[in-house]
Amino acid sequence: MHLGVIGGGQLGRMLAEAGRDIGVRTTFLEAAPNPSAGGLGEVIVAPYDDEAALDRLAEECDAVTYEFENVPVEAVRYLAGKVPIHPGPGALEQAQDRLVEKRFFRSRGIDTAGFEPVDDVAQLRAAIDKLGLPAILKTRRMGYDGKGQLYLADPEQAEGAFATLGGVPCILEQVVAFDRELSILAVRDRSGNKRTWPLVENRHAGGILHWSEVPAPGVTTTLQQEADSIADRLLEAQQYVGVLAVELFQVGDRLLANEMAPRVHNSGHWSIEGALTSQFDNHVRAVLGLPLGSTEVPVPTACANLLGNVPDLSELLAIDGARVHLYGKAPRPGRKLGHVTVQGATPAQLRERLEAVLALTASGA
Ligand SMILES: Nc1ncnc2c1ncn2[C@@H]1O[C@H](COP(=O)(O)OP(=O)(O)O)[C@@H](O)[C@H]1O
Ligand SMILES: [Mg+2]
């Protein structure tokens with residue numbers, strides 16, 4: 001079988017690795033030359049909305065997916081009539097706009113932080129009056145890894161903050177005093193079968209995911225069920241196919257949805273070693289119409305991002321059980337260059353191994 005992937009970054013690379021194991025060939029459409037996924041399949045270097053390039057994907061591939069959410073929706077719509085493309089354009093469109101996304105969550109009975117649309121400074125002042133401070137001003141579109149957002153503590157900052165973000169349409173969100181951040185990864189196949197992985201706990205540094213641990217410690221059956229139900233409502237609303245990630249804030253025993261990603265997600269990288277079937281395996285299977293595999297996590301697992309620089313490989317590999325994934329990308333401050341997965345027979349052993357990884361990676365975070 002032949003899979004098309006729009007985007008050629010590390011997520012595309014890991015999707016292709018999962019496909020390769022079951023004899024699936026991958027072709028990437030990537031705007032920039034020499035992408036991370038380059039060694040794993042043919043790369044069509046062209047803009048993401050290039051019709052000739054999209055036609056080639058449609059002709060050559062059995063199904064197409066994408067590995068980042070800023071793929072032009074028109075490109076996905078264009079493909080939709082020609083080849084199975086998953087997730088579909090509807091889910092992509094909702095995930096690209098924070099305002100549409102949060103309204104969608106609310107429409108499905110899912111809690112979020114308080115929010116208000118902001119199109120100009122007057123609306124921002126009104127939103128501050130309504131929601132109170134502190135609050136976070138975020139651009140509706142194109143933000144990632146904490147980019148495109150500013151923390152507001154004082155009404156005086158309103159005008160400057162709106163200008164700093166470029167005067168583009170924004171959303172103002174109440175700051176949630178969360179106990180911790182979690183994510184739920186879920187997958188739905190073409191026949192409507194669904195699975196979720198155990199809740200993941202995530203720690204961010206400067207808006208970028210630093211490390212994840214799964215199962216998230218201390219998760220009750222009720223909390224997992226609530227997260228599963230959130231994922232289920234979103235999957236069903238969209239007749240979604242593929243992996244969906246939902247970032248959550250836990251406040252006491254409540255879960256608030258922060259954002260969703262219509263793709264495999266950084267907080268699921270641990271699943272390559274940590275789950276019986278990884279997020280990449282199940283995404284490839286779902287998109288190609290193959291049966292899903294078990295999302296069981298046999299032993300506690302953690303995963304740390306390598307941000308900005310790669311520590312000495314010998315030191316990393318000397319950590320018992322550490323599995324290192326390097327994406328072949330040039331170092332740049334804060335850039336995701338790879339990740340390290342560790343497992344432990346007990347939570348204490350896992351903690352020890354994770355601490356050892358974090359001690360080596362701290363400098364780049
Ligand atoms: N409303 C909020 N209250 C508290 N913290 C927030 C809020 N929104 C975002 N954050 C923090 O900023 C991080 C990045 O914000 P997010 O909305 O997930 O944007 P991005 O697309 O950059 O990941 C979150 O993981 C969380 O740590
Ligand atoms: Mg996020």
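First listed ligand is number 1; within each ligand, the first listed atom is number 1.
Residues Lys194 and Glu236 are paired through a salt bridge, judged by an N-O separation under 4.0 Å between the basic side chain and the carboxylate. A salt bridge is absent between Lys82 and Glu59; no separation between the charged side-chain nitrogens and carboxylate oxygens falls under 4.0 Å. A salt bridge between Arg285 and Asp189 is absent, with no side-chain N of the basic residue lying under 4.0 Å from a carboxylate O of the acidic one. At a threshold of 4.0 Å, the pair Glu42-Arg25 does not count as salt-bridged, since none of the basic side-chain nitrogens sits closer than that to a carboxylate oxygen.
Listed by number with element, the atoms of ligand 1 under 4.0 angstrom from any heavy atom of Glu181 are 24 (C), 25 (O), 26 (C), 27 (O). Heavy-atom proximity to Tyr144, at under 4.0 Å, picks out these atoms of ligand 1: 21 (O), 22 (O). Atoms of ligand 1 lying under 4.0 Å from at least one heavy atom of Gly143, given by number and element, are 21 (O). Ligand 1 places these atoms under 4.0 Å from at least one heavy atom of Glu247: 18 (O).
In this structure, the protein non-hydrogen atom closest to atom 15 (O) of ligand 1 is Gln149 NE2, 3.3 Å. Looking only at heavy atoms of the protein, atom 8 (N) of ligand 1 is closest to Lys138 NZ, 2.8 Å. The protein non-hydrogen atom at the shortest distance from atom 13 (C) of ligand 1 is Gly207 CA, 4.4 Å. For atom 5 (N) of ligand 1, the closest non-hydrogen atom on the protein side is Phe178 CE2, 3.5 Å. Of the protein's non-hydrogen atoms, Val176 N, 2.8 Å is the one closest to atom 3 (N) of ligand 1.
Nearest N/O/S atom of Glu247 relative to the Mg ion (ligand 2): this is OE1. When the Mg ion (ligand 2) is compared with the N/O/S atoms of Glu259, atom OE2 turns out nearest.
Ligand 1 has no nitrogen or oxygen under 3.5 angstrom from a nitrogen or oxygen of Val175. The N/O atoms of Gly146, backbone and side chain alike, include one that comes under 3.5 Å of an N/O atom in ligand 1.
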Candidate pair Arg254 and Glu226, rule salt bridge (charged side-chain N to carboxylate O under 4.0 Å, His left out), full reasoning: CA-CA 9 Å; Arg254 284 176 65 214; Glu226 174 59 16; over 6 Å; no

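The presence of a protein heavy atom under 4.0 Å from atom 11 (C) of ligand 1 is ruled out.
With a 4.0 Å heavy-atom cut-off, ligand 1 is reached by the side chain of Ile136 but not by its N, CA, C or O. Of the heavy atoms in Glu259, only side-chain atoms (C-beta onward) come closer than 4.0 Å to ligand 1.
For an aromatic pair to be called close, the ring centres must be under 6.0 Å apart, and His269 with Phe280 satisfies this. Taking the six-membered ring for Trp and the full ring otherwise, the centers of Phe105 and Phe115 sit at least 6.0 Å from each other.
Looking at every heavy atom in both residues, Phe28 comes nearest to Ala16 through CZ-CB, 3.6 Å. Taking all atoms of both residues into account, the shortest heavy-atom contact from Ala18 to Val284 is CB-CG2, 4.4 Å.
The closest heavy-atom contact to atom 1 (N) of ligand 1, among the options Glu69, Gln174, His204, Lys102, comes from Gln174.
When each of Lys102, Arg98, Gln149 is paired with Glu173, the side chain to side chain donor-acceptor pair (under 3.5 Å) condition holds for Lys102 and for no other.
In the model, His265 has no side-chain atom that pairs as donor or acceptor with a side-chain atom of Ser183 under 3.5 Å.
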